[in-house]
2 protein chains.
Amino acid sequence: MYTRKIQEDPDCGIYLAMRVLGGKWKCCILDAIRGISRPSEIARYITEASTRVIEMQLAELLFYGIVEKCAEDVYPKKTEYKLTSFGETLLPILSKIDQWGIEHAEVIKDRMSELQEDE
Amino acid sequence: MYTRKIQEDPDCGIYLAMRVLGGKWKCCILDAIRGISRPSEIARYITEASTRVIEMQLAELLFYGIVEKCAEDVYPKKTEYKLTSFGETLLPILSKIDQWGIEHAEVIKDRMSELQEDE
DNA sequence: ACAATAACCGATAAAAGATTCGGTATGGGG
DNA sequence: CCCCATACCGAATCTTTTATCGGTTATTGT
């Protein structure tokens with residue numbers, strides 16, 4: 001996991017939430033983890049992200065107590081991750097954010113593409 | 001503004017939303033901008049962030065159409081930024097995130113501090 | 001015995017983002 | 001006239017995050 005050298009503590013709830021939710025794929029993983037729970041399945045689901053990143057972000061989510069690991073110690077290692085009750089408190093927020101993003105996808109993608117044009 | 005070299009387009013609303021909201025101080029600026037609107041005031045309000053960052057993040061918010069600039073072209077340059085109607089659609093989400101962060105501040109800070117201990 | 005899959009970890013390269021420092025231009029007060 | 005404030009921008013530098021690659025351990029199917 002990454003440890004920061006410079007630390008801040010604005011008593012800003014958003015800042016704190018972003019320490020937990022920030023990360024390129026974390027939200028997608030959380031979204032995925034509601035249906036599928038095994039790392040290899042998540043990796044197949046989110047094809048854009050490498051398995052390494054998924055591992056790392058899962059480790060962070062585990063660290064913050066958002067997900068928990070239920071490793072049945074049997075054959076081809078059936079590790080499963082699932083949301084903790086703490087993690088579940090995030091769901092309404094995540095769906096709100098997701099909804100907003102989808103609702104305004106056109107505009108955002110449009111702007112985003114403008115950034116790439118000139119290269 | 002930063003232009004990304006590697007691009008993705010997961011049709012994940014959260015990912016899109018994070019392109020707009022991501023950034024160390026953007027949420028704090030959005031929070032501030034409801035009361036105060038001039039760059040120098042924001043800078044004095046968010047003392048941890050340098051004026052340069054605030055400028056850059058304001059530029060991004062402007063770019064995505066979240067805020068708009070109302071520069072009265074008069075004396076000590078009374079530039080004012082305010083939320084657009086698009087930006088206002090973010091408010092309920094931002095307050096939800098903020099609320100969550102404050103509600104779980106103890107746990108999160110606790111975990112965060114653990115990361116810094118060993119150096 | 002051998003290839004295949006799952007779940008990891010460590011090291012390092014590369015990209016993205018933040019900070020710092022200096023600079024411009026404008027106008028006001030002493 | 002000089003200094004201060006505001007609002008910016010550019011570039012160098014550093015931190016943080018992500019990507020890539022290889023390695024480990026264990027178990028299953030052939």
Side-chain angles (χ1 to χ4, degrees), chain A residues 1-8 10 15 18-29 33 36-63 67-81 112 115-116 119, chain B residues 1-8 10 15 18-29 33 36-63 67-81 112 115-116 119:
Chain A
M1 206 172 326
Y2 304 112
T3 59
R4 312 194 134 208
K5 284 191 182 163
I6 294 169
Q7 66 213 86
E8 306 92 18
Y15 187 88
M18 280 308 133
R19 294 242 47 77
V20 176
L21 283 182
K24 199 167 174 184
W25 303 103
K26 232 174 271 171
C27 296
C28 301
I29 291 173
I33 225 165
I36 56 186
S37 54
R38 299 188 51 202
S40 52
E41 290 178 300
I42 295 172
R44 272 193 291 270
Y45 182 67
I46 310 173
T47 48
E48 301 99 322
S50 69
T51 59
R52 188 78 183 96
V53 188
I54 292 170
E55 280 163 26
M56 289 192 294
Q57 310 240 322
L58 275 173
E60 271 183 62
L61 290 169
L62 201 59
F63 179 80
V67 299
E68 62 189 334
K69 195 166 152 180
C70 328
E72 298 173 49
D73 211 10
V74 281
Y75 95 86
K77 256 198 181 164
K78 265 185 181 153
T79 310
E80 300 203 341
Y81 289 86
M112 276 168 61
L115 291 176
Q116 241 84 29
E119 260 180 87
Chain B
M1 207 170 328
Y2 304 113
T3 58
R4 311 193 135 210
K5 285 193 180 163
I6 295 169
Q7 66 212 84
E8 307 93 15
Y15 187 87
M18 280 307 135
R19 293 242 47 78
V20 175
L21 283 181
K24 199 166 174 183
W25 303 104
K26 232 175 271 174
C27 296
C28 301
I29 290 174
I33 226 165
I36 56 186
S37 54
R38 299 189 51 202
S40 52
E41 290 178 300
I42 295 173
R44 271 192 292 270
Y45 182 67
I46 309 173
T47 48
E48 301 99 323
S50 70
T51 60
R52 189 75 182 99
V53 190
I54 292 171
E55 279 162 27
M56 289 191 295
Q57 311 241 322
L58 275 173
E60 270 183 62
L61 291 169
L62 202 58
F63 179 79
V67 299
E68 60 188 336
K69 195 165 151 181
C70 327
E72 300 174 46
D73 211 11
V74 281
Y75 95 88
K77 255 195 183 168
K78 263 184 182 154
T79 311
E80 301 204 341
Y81 289 86
M112 275 167 62
L115 291 176
Q116 240 84 30
E119 263 181 84

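Only this structure's heavy atoms are used, side chains among them; waters, hydrogens and symmetry mates stay out. Here the structure is a predicted model, which is why all the values come from computation and not from measurement. Every chain is numbered from 1, with letters handed out A, B, ... down the list of sequences.
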Trainee: Report which part of the nucleic acid B/Ser40 touches: base, sugar-phosphate, or nothing (heavy-atom distance under 4.0 Å, all strands).
Mentor: sugar-phosphate

Trainee: Identify which nucleotide among C/dT19, C/dA7, D/dA19 has an atom closest to any side-chain atom of A/Thr79, counting heavy atoms from C-beta outward.
Mentor: C/dA7

Trainee: Across the strands shown, which category fits A/Lys69 at heavy-atom distances under 4.0 angstrom: base, sugar-phosphate, nothing?
Mentor: sugar-phosphate

Trainee: Does OP1 or OP2 of C/dG17 have a side-chain N or O of B/Arg4 closer than 4.0 Å?
Mentor: yes

Trainee: Got a sec, which residues hit salt bridge (charged side-chain N to carboxylate O under 4.0 Å, His left out) with B/Glu41, two or more places apart in sequence or on another chain?
Mentor: none

Trainee: D/dT17 phosphate, OP1 or OP2: any side-chain N/O from A/Arg19 under 4.0 angstrom?
Mentor: yes

Trainee: Any donor-acceptor pair under 3.5 Å joining the side chain of B/Arg52 to the base of C/dG22?
Mentor: no

Trainee: Would one find a side-chain N or O of A/Arg38 under 4.0 angstrom from OP1 or OP2 of C/dA7?
Mentor: yes

Trainee: Any side-chain N or O of B/Tyr81 less than 4.0 Å from the OP1 or OP2 oxygen of D/dC8?
Mentor: yes

Trainee: If the cut-off is 4.0 Å, is A/Arg44 near the phosphate of C/dA6, judged by side-chain N/O to OP1 or OP2?
Mentor: yes

Trainee: Taking only side-chain N and O atoms of A/Gln57, does any of them lie within less than 4.0 angstrom of OP1 or OP2 on D/dT17?
Mentor: no

Trainee: For A/Glu60, enumerate each residue passing the side chain to side chain contact (heavy atoms under 4.5 Å, CB included) test, keeping only those at least two apart in sequence or located in another chain.
Mentor: A/Met1, A/Tyr2, A/Lys26

Trainee: Using a 4.0 Å heavy-atom cut-off across all strands, classify B/Gly23 as base, sugar-phosphate, or nothing.
Mentor: sugar-phosphate

Trainee: Give a yes/no answer on whether the side chain of A/Lys24 brings an N or O atom under 4.0 Å of OP1 or OP2 in D/dA19.
Mentor: yes

